[in-house]
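Take a look at the structure below.
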Amino acid sequence: MTSPFFSLDNIDVKFGGLHAVQGLSLSAEAGKIHALIGPNGAGKSTTLNCISRFYTPSSGDIRFEGKSLLATPAHAISGLGIARTFQNIELCMQMTALENVLVGMSAVIPKYSAFFPGTRRREIEAEAIKEAEALLDSFGLLSERDSLAESLDYGRQKLLDLARALASKPRLLLLDEPAAGLRNQDIAALNTLLKQLASERGITIILIEHVMQLVMGVADSITVLNFGQKIAEGTPAEIRSNEDVIEAYLGKGDHAPG
Ligand code: ADP
Ligand code: MG
């Protein structure tokens, strides 16, 4: 049996007496979008925080490309090819849009380039800036290249956060509620973008999201959490018709909860 591209194997997370994640297992195939859904407080962000190594599960394993991530500290994660966005946007608000993308890129710009002769160093910097501009352009943000992140509206800050995450050229992308607060047209654009990232660039995506229109539109598979436990797993069609999920989360109307 070949091991999956990415997996959580029976992880537990406890905060004092609170058992926030309980024996959770899931796996994601390369180039697929795997959604993690469930009510507020179900343990979704905690799970993502384990994968990005902010938290360490008290038991279980997290495996990526055949290796355990448990020995990897949070600061080394982007060097392994994993990037994330945050439920509460984490941009450098006093930096420009371009600078934020360059920060995201820093994991893949060789550190020793600082010691290169000036001309070579400037070449590397110019290449990085060109690449960052292309990324901004693909998000419709090139006109905001020199705007401070704090001056962008919420939707554009969300897009910039995603551009920053992609700047490190991740193979695994972790997204915590990327559509929250976006307008319908931006959600439609995000839908197209996520599918492209997975199918054209082969990026594996773990997507936490309450906007069901997006989840059902892009996910190849879905895991549903409730009170830290997996209550269902399957394709969007299977999840939509699962009685336990309807009871705990979706409701009878099949509209976006929360
Ligand atoms: P979700 O993202 O599904 O809304 P979270 O993973 O943020 O849920 O939270 C799961 C549970 O763990 C909640 O009860 C939350 O209050 C608790 N929790 C999350 N982070 C911490 C923490 N750092 N310390 C204590 N409790 C926490
Ligand atoms: Mg959360």
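As the structure lists them, so they are numbered: ligands from 1, and atoms in each ligand from 1. Scope of the values below: all heavy atoms of this structure, side chains included, with no hydrogens, waters or symmetry mates. From a predicted model like this one, the values you see are computed outputs, not experimental measurements.
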inquiry  = Less than 3.5 Å apart, any donor N or O on the side chain of Arg84 or Ser52 sitting next to an acceptor on the other?
reply    = yes
key: Pair Asp176-Ser45, side-chain donor/acceptor within less than 3.5 Å   = yes
Is a salt bridge present between [X] and [Y], judged by a nitrogen-to-oxygen distance below 4.0 Å?
| X | Y | answer |
| --- | --- | --- |
| Arg120 | Glu123 | yes |
| Glu209 | Lys44 | no |
| Asp161 | Lys158 | no |

inquiry  = If the criterion is any heavy atom closer than 4.0 Å to an atom of ligand 1, which residues make the list?
reply    = Phe15, Leu18, Ala20, Pro39, Asn40, Gly41, Ala42, Gly43, Lys44, Ser45, Thr46, Tyr55
message = Taking 2.8 Å as the limit, list every protein N, O or S atom around the Mg ion (ligand 2), by chain and residue number.
response = Ser45 OG, Gln87 OE1
message = Please check this pair: side chain of Thr96 against backbone of Leu148, looking for a donor-acceptor N/O pair closer than 3.5 Å.
response = no
ask   = Got a sec, which residues hit salt bridge (Lys or Arg N to Asp or Glu O under 4.0 Å) with Glu177, two or more places apart in sequence or on another chain?
value = none
key: Geometric cation-pi criterion Arg156 and Tyr154, 6.0 Å radius, 45° cone   = no
request  = Can you tell me which residue pairs pass the side chain to side chain donor-acceptor pair (under 3.5 Å) test with a partner in residues 215-228, sequence neighbours excluded?
outcome  = His34-Ser221, His34-Thr223, Thr223-Glu233
